[in-house]
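See structure below.
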2 protein chains.
Amino acid sequence: MISLPAALDARMQRESQLTFFEYMVLSVLSEQEDRTMQMSALAVRTSASLSRLSHVVGRLETRGLLTRSRIPGAGRRTNTTLTEAGYDVVVAAAPGHVAAVREYLIDPLETRDLKALQRIGSAVQAAINGGPVRQAAAEE
Amino acid sequence: MISLPAALDARMQRESQLTFFEYMVLSVLSEQEDRTMQMSALAVRTSASLSRLSHVVGRLETRGLLTRSRIPGAGRRTNTTLTEAGYDVVVAAAPGHVAAVREYLIDPLETRDLKALQRIGSAVQAAINGGPVRQAAAEE
DNA sequence: GGGTAGAAATTGACGCGTCAAGTTCATCTT
DNA sequence: AAGATGAACTTGACGCGTCAATTTCTACCC
């Protein structure tokens, strides 16, 4: 469980010069039909802090993979849009990424264990989120 | 799968001022009956690079949790030994660590999924290690 | 026995994530 | 309408991990 994310990350970086997280950012953007999303929304979708996202987006911007633009008349809101180059990069990286997940996770498992893994994922996620908050009630 | 290690790490750090990896290092040392181990051996046991280990051990040493000493007449070999303070720290941290793993992983799962998780762990580990090396033969 | 190989560990530079602080707006209050 | 509040980002400093280079020994070779 500890080595899997590390292995995926290492491989992505070798093959596409993209962090797993950078890939997520680009990938989420590429799924929007105008390839645009507001920073906060992007942060939620990638479950990252705004700070982390800002740093990463800054780097991706200097690499020419996306651009930022303030939304006028709406506080400090900022939109980030995937550039053509960025779209090409994510399209090029996707097959490798999918292959990696397949090879390291999906293929070695029997279907019964794959199903179990889904249940495990949900349960663990619930425990982590529920733990500190105790389902938003009856806590002191 | 991605959030679990992060969650465990964050919690350990809050509760014991110890990284998961730092805890591993101290814990492995505490299991040796003389609380001593050679750097390279420790690196293998914690599956870390010698470089990473050296950095971490350096910090733990300045925190007074362990000490380093060259083994004379044996190349550049170095032993690291847990200090009394280090032992106390790991003993104090252990229950919290175990509790966290229980709470986030073990307790939310049914026994059937727990068993599946073991199989999954082995299979994934094998895929990761086998992938780049192709079981140490017939590769180019 | 001087020289090379190579094992064991350390070091420095660099990139990324986090945390706390700072900006820049819009909005609400009175 | 001036001032406070708060939302949405950004920035800087700091710690950790990685990679490449370096150091420090032993051992082998001829």
Side-chain angles (χ1 to χ4, degrees), chain A residues 2-3 5-26 29 36-63 65-81, chain B residues 2-3 5-14 16-26 29 36-63 65-81 132:
Chain A
I2 291 186
S3 24
L8 281 178
D9 222 5
R11 181 159 157 171
M12 282 229 70
Q13 206 142 10
R14 250 186 297 116
E15 293 181 355
S16 332
Q17 276 75 56
L18 280 183
T19 303
F20 188 87
F21 181 70
E22 292 172 338
Y23 174 76
M24 272 191 77
V25 168
L26 298 183
L29 279 180
T36 296
M37 209 167 180
Q38 196 186 322
M39 288 291 283
S40 340
L42 194 52
V44 170
R45 286 270 286 153
T46 58
S47 43
S49 70
L50 217 38
S51 169
R52 177 179 187 186
L53 185 63
S54 182
H55 282 298
V56 171
V57 164
R59 287 173 221 138
L60 291 175
E61 189 172 28
T62 58
R63 283 165 69 179
L65 304 184
L66 49 77
T67 56
R68 270 184 290 197
S69 59
R70 292 285 283 275
I71 306 176
R76 241 203 141 177
R77 268 161 235 193
T78 304
N79 265 341
T80 85
T81 351
Chain B
I2 291 186
S3 25
L8 281 177
D9 221 6
R11 179 157 158 176
M12 282 229 69
Q13 205 143 8
R14 251 187 295 114
S16 330
Q17 276 75 56
L18 280 183
T19 303
F20 187 86
F21 181 69
E22 291 173 338
Y23 174 77
M24 271 190 78
V25 168
L26 298 183
L29 279 180
T36 295
M37 210 165 179
Q38 197 187 320
M39 288 292 282
S40 338
L42 195 51
V44 170
R45 285 272 285 157
T46 57
S47 43
S49 70
L50 217 39
S51 168
R52 177 179 187 188
L53 186 63
S54 183
H55 282 299
V56 170
V57 164
R59 289 172 219 137
L60 292 175
E61 187 172 29
T62 59
R63 283 164 70 179
L65 303 185
L66 50 76
T67 56
R68 270 184 289 197
S69 58
R70 292 285 283 276
I71 306 177
R76 237 200 146 181
R77 268 160 234 194
T78 304
N79 266 341
T80 85
T81 354

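A, B, ... follow the sequence lines: proteins, then strands. Residue 1 opens every chain. None of the values given here were measured: they were computed from a predicted structure.
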Of residues 51-61 of chain A, the positions that come close to DNA chain C - non-hydrogen atoms, cut-off under 4.0 Å: A/Ser51, A/Arg52, A/His55, A/Val56, A/Arg59
Extract from the structure each pairing of a protein N or O with an N or O of nucleotides 2-5 of chain D at less than 3.5 Å, listing the distance.
none

Pairing residues for B/Gln13 by the side-chain hydrogen bond (donor to acceptor under 3.5 Å, both in side chains) criterion, not counting sequence neighbours: none
Euclidean distance, atom CE of residue A/Met12 to atom P of C/dC16 [Å, nearest integer]: 14 Å
Kindly list each side-chain donor-acceptor pair under 3.5 angstrom involving residues 69-80 of chain A, sequence neighbours excluded, with atom names and distances?
| from | atom 1 | to | atom 2 | distance (Å) |
| --- | --- | --- | --- | --- |
| A/Thr78 | OG1 | A/Arg76 | O | 3.3 |
| A/Asn79 | OD1 | A/Gln38 | N | 3.4 |

Sequence-distant partners of B/Arg59, salt bridge (Lys or Arg N to Asp or Glu O under 4.0 Å), two or more places apart: none
Atom-to-atom span, CG of B/Asp9 to P of D/dG15 - whole angstrom: 17 Å
Atom-pair distance (CD on B/Gln13; P on C/dG17), nearest Å: 16 Å
Length of the line joining A/Arg14:CZ and D/dT18:C1', which is rounded to integer Å: 14 Å
Quiz: residues 43-51 of chain B side-chain donor-acceptor pairs under 3.5 angstrom, not counting sequence neighbours:
| from | atom 1 | to | atom 2 | distance (Å) |
| --- | --- | --- | --- | --- |
| B/Arg45 | NH2 | B/Glu31 | OE1 | 3.3 |
| B/Thr46 | OG1 | B/Leu42 | O | 2.9 |
| B/Thr46 | OG1 | B/Ala43 | O | 3.4 |
| B/Ser49 | OG | B/Arg52 | N | 3.0 |

Nucleotide C/dA8, atom C1' - distance to CZ of B/Arg68 in whole Å: 13 Å
Whole-Å gap separating P (D/dG17) and CZ (B/Phe20): 13 Å
Euclidean distance, atom CZ of residue A/Arg77 to atom C1' of D/dT10 [Å, nearest integer]: 17 Å
side-chain hydrogen bond (donor to acceptor under 3.5 Å, both in side chains) involving B/Ser3 - partner list, sequence neighbours excluded: A/Gln125
Verdict with reasoning, B/Leu18 to B/Arg63, per side-chain contact (heavy atoms from CB on, under 4.5 Å): CA-CA 11 Å; B/Leu18 280 183; B/Arg63 283 164 70 179; 3.9 Å; yes
side-chain contact (heavy atoms from CB on, under 4.5 Å) between B/Leu29 and B/Thr81, intermediate numbers included: CA-CA 7 Å; B/Leu29 279 180; B/Thr81 354; over 6 Å; no
Please write out each protein N/O paired with an N/O of nucleotides 25-29 of chain D under 3.5 Å, distance rounded to 0.1 Å.
| from | atom 1 | to | atom 2 | distance (Å) |
| --- | --- | --- | --- | --- |
| D/dC25 | OP1 | B/Arg70 | NH2 | 3.4 |

Set of ring pair (Phe, Tyr, Trp, His ring centres under 6.0 Å) partners for B/Phe21, sequence neighbours left out: none
Rounded distance in Å - CD (B/Gln17) to P (C/dC19): 14 Å
Gap separating the CD atom of A/Glu22 from the CG atom of A/Leu66, nearest 0.5 angstrom: 10.0 Å
Residues that A/Glu61 engages under side-chain hydrogen bond (donor to acceptor under 3.5 Å, both in side chains), provided they are two or more places apart: A/Arg68
